[in-house]
Amino acid sequence: MISESPWWAESVIYQIYPRSFFDSNGDGEGDLPGITSHLEHVQSLGADAIWLSPFYTSPNKDGGYDVADPRGVDPRFGNLEDARALIKRAHQLELRVLVDVVPNHFSDQHAWFTEAISSKAGSAERKRFHFYDAKSDGTPPNNWISLFGGPAWTQIKTSDGTAQYYLHLFDSSQPDLNWENEDVASDFEKTLRFWLDLGVDGFRIDVAHGLAKENILIDHHDPEGLSNALRLDFEMSSEERGELLASAPFFDREGVHAIYRNWRRIFDSYDREVMAVAEAWVHPPARATRYVRGDELQQVFNFDLLVAPFDAAFLFQCISSTLEMLRQVDAPATWALSNHDTPRVASRHGSKASRALALFVLALPGSCYIYNGQELGLPDAQLADSDRQDPAFFRTKGLQKGRDGARVPMPWSGDKTPFGFSSGSPWLPIPNEWREFSVSSQNTDPSSTLNLYRSALKIRKNRFVGAGEIEWVDRGETGLLSFARGEFAVYLNTGTSAIEIPTVGTLALGSDREVKLANGTLSLPAASAAWVAIR
Ligand code: NOJ
C-alpha cells in the first residue's frame, strides 16, 4: 500500500536510551558506535525511525538531560564522527533519526551558567536564566518545588558577597533558561540547524510545555501537590492530577507557541520532511492539540497509556477522545506504552496483558513509540538503593525510587549477565534472570515477545498504514474493546475470563498461543488481543 502521508504520520519510532543500548568499548555504558553496530535489530523489528535520548556533552546528573554543550557529543558516547556514522548507517537501513533537544534548561556546567555565576546580579549573563533576589526573610523568591523534590530554587553566592537564587524545575544542576532572552532563542536555532545539517530528520522536544514562565514571583497554592502531579504520582486520581497540572504557572503558557512557530519555519526550510514531537504534559488533554496546529509541531506525545489501567472501558475513553481531539487539528495521534521516565508496561500490567495491549495499540492509526527493551517484554529491574542514579531518588531522600529500574541495559545474548551488552561492568546491573529476555533467546522462538512485535510491525506496515480511521464495535463495557480498520477486526479482552466471539475471517495475529479462531468463533482468553483479517 502506498501512503501519501508524510513519513512520520503512521511511523513506528523506536526510542534508544544510548547509555543502555549497546556498549562497544567495555566501559559499561552504551555508546554511539554500539548503537550503529546494532541498528539491524531495529530494522529487523520493522521500525521506521529511531529517537535517540541525549548523547550530548553532559555531567550526566540527569541521564544526559542536563546538557553542557548541545552541539557536542559526550566523550562517554563517542564523538561527532560517530554521530555522523550513526545517522548514515540508519539512513542506509531506511531508518529516520530523531534526536532530543532540551530547551527548558541547561546543565550548570554549560559555559553560560559558569559565566552567569561569575557575573553580577542583573548582568546580561544572568538574564539568560531566572536569577532573583531572596525574599526579605532570605527564603527563595517563591514556593515552587522541583519535579525531582526539594525547592525549585538554589542560592548562589558571588565573590562580591551578593546572593541570588536561580530557578530549576528539575535538579539544581539544571538551571532553567529564560526564553524571553534573545540569546536563548538564537542559540537553540543554531542547535536545531546544527543537527539538521548533520542529517537528522527531526527532534523530540523535552519539556516542550515548560519554556515560558508566568507569575514567577507568585507562590503556588499547593506546591507539593503540583510537584507530585508533575512527577506522575501513580496514587493520584487523573482528575486531581489534571486540576493541578492546569494550575502550573510555568507549564503550557501561551508563550511557548511562538517558539514552535519559529522552529517550524526552520524545519520547513529543509528540503526533506523534518518533524518534531513535543513532550508536553498538559491539562485538559485537548490543550495538547495547540502544539500541533498547522504552523507548529507535527506530533505531541499522548501519555495517557503510560498511566492507564488495563481496563477496556478506560482505554476506550482515552483512545477515542485522543483520536477525536487530534482530528480537529488534522494531526496524527501518538501512542507510547513505555519510556525512560515511567515504569515499563510489562511491570505495570504483567507480561500477558502488556503483549495484548501492545498488539491492540499497534493497530491504531497514528504513530507508535517503542522504548528499547519493550519489544523484549522487559520488566523494570529491581535495584539496590546503592545502584540508583536518578536525581529524583536523591532529592526525595529515597522516598521515591526513581526511574532507574526502567533504564537497565538491554540483554543481547549469552547465559550470564551482562548478556552481551558490555565486556565490562554495566552502569546498572542487569538481573541474572534476564537470560530469557535476551534478543538471542527470543530470536528464533516464534512465540516470543520479540517475534510478536516483529510480526505485528510487518502486518502494520503492509496492511494497516494508510487504512484510515477506525470504526468502534465494542466500547469496553464488558471488558471487550474492538474496532474494524481496513482489512481487519481488532479485539482486546481486558477481563479475567475468556470471551468467545462469532467472527468471519482468519486470525492474522494473536497476542499469545491461546488466542484461536476456529469454526467461525474467536476465542479470546483473559488479557489477550487478536487481529482478524475480515476482508
Ligand atoms: C523529561 C525527560 O524525559 C526526563 O528524563 C528528564 O529528567 C526531564 N524531562 C528533565 O529534562
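Just the heavy atoms: all of them, side chains too, but no hydrogens, waters or symmetry mates, feed the values below. Numbering of ligands and ligand atoms starts at 1, following listing order. Owing to the predicted nature of the structure, the values given are computational and were not obtained by experimental measurement.
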Show the atom names and distances, to 0.1 Å, of all donor-acceptor pairs under 3.5 Å that link a side chain in residues 144-157 to residues at least two apart or in another chain.
from	atom 1	to	atom 2	distance (Å)
Trp144	NE1	Ile218	O	3.3
Ser146	OG	Phe148	N	2.9
Ser146	OG	Gly149	O	3.3
Ser146	OG	Phe170	O	2.9
Trp153	NE1	Asn142	OD1	2.6
Thr154	OG1	His168	NE2	2.8

I'd like the atom pairs linking ligand 1 to the protein - N or O on both sides, separation under 3.5 Å - with distances to 0.1 Å.
from	atom 1	to	atom 2	distance (Å)
ligand 1	3 (O)	Arg204	NH2	2.9
ligand 1	3 (O)	His340	NE2	2.7
ligand 1	3 (O)	Asp341	OD2	2.4
ligand 1	5 (O)	His340	NE2	3.0
ligand 1	5 (O)	Asp341	OD1	2.7
ligand 1	5 (O)	Arg403	NH1	3.3
ligand 1	7 (O)	Asp62	OD1	3.2
ligand 1	7 (O)	Asp62	OD2	2.6
ligand 1	7 (O)	Arg403	NH1	2.9
ligand 1	9 (N)	Asp206	OD1	2.9
ligand 1	9 (N)	Asp206	OD2	3.2
ligand 1	11 (O)	His105	NE2	3.0
ligand 1	11 (O)	Asp206	OD2	2.7

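Ser58 pairs by the side chain to side chain donor-acceptor pair (under 3.5 Å) definition with Asp66, not counting sequence neighbours.
For an aromatic pair to be called close, the ring centres must be under 6.0 Å apart, and Trp195 with Tyr56 satisfies this. Close placement of the Phe21 and Trp412 rings is indicated, their centers lying within 6.0 Å of each other.
Between the side chain of Glu279 and the backbone N or O of Ala208, no donor-acceptor pair lies under 3.5 Å.
Under the salt bridge (charged side-chain N to carboxylate O under 4.0 Å, His left out) criterion, the residue pairs touching residues 185-199 are Arg71-Asp187, with sequence neighbours excluded.
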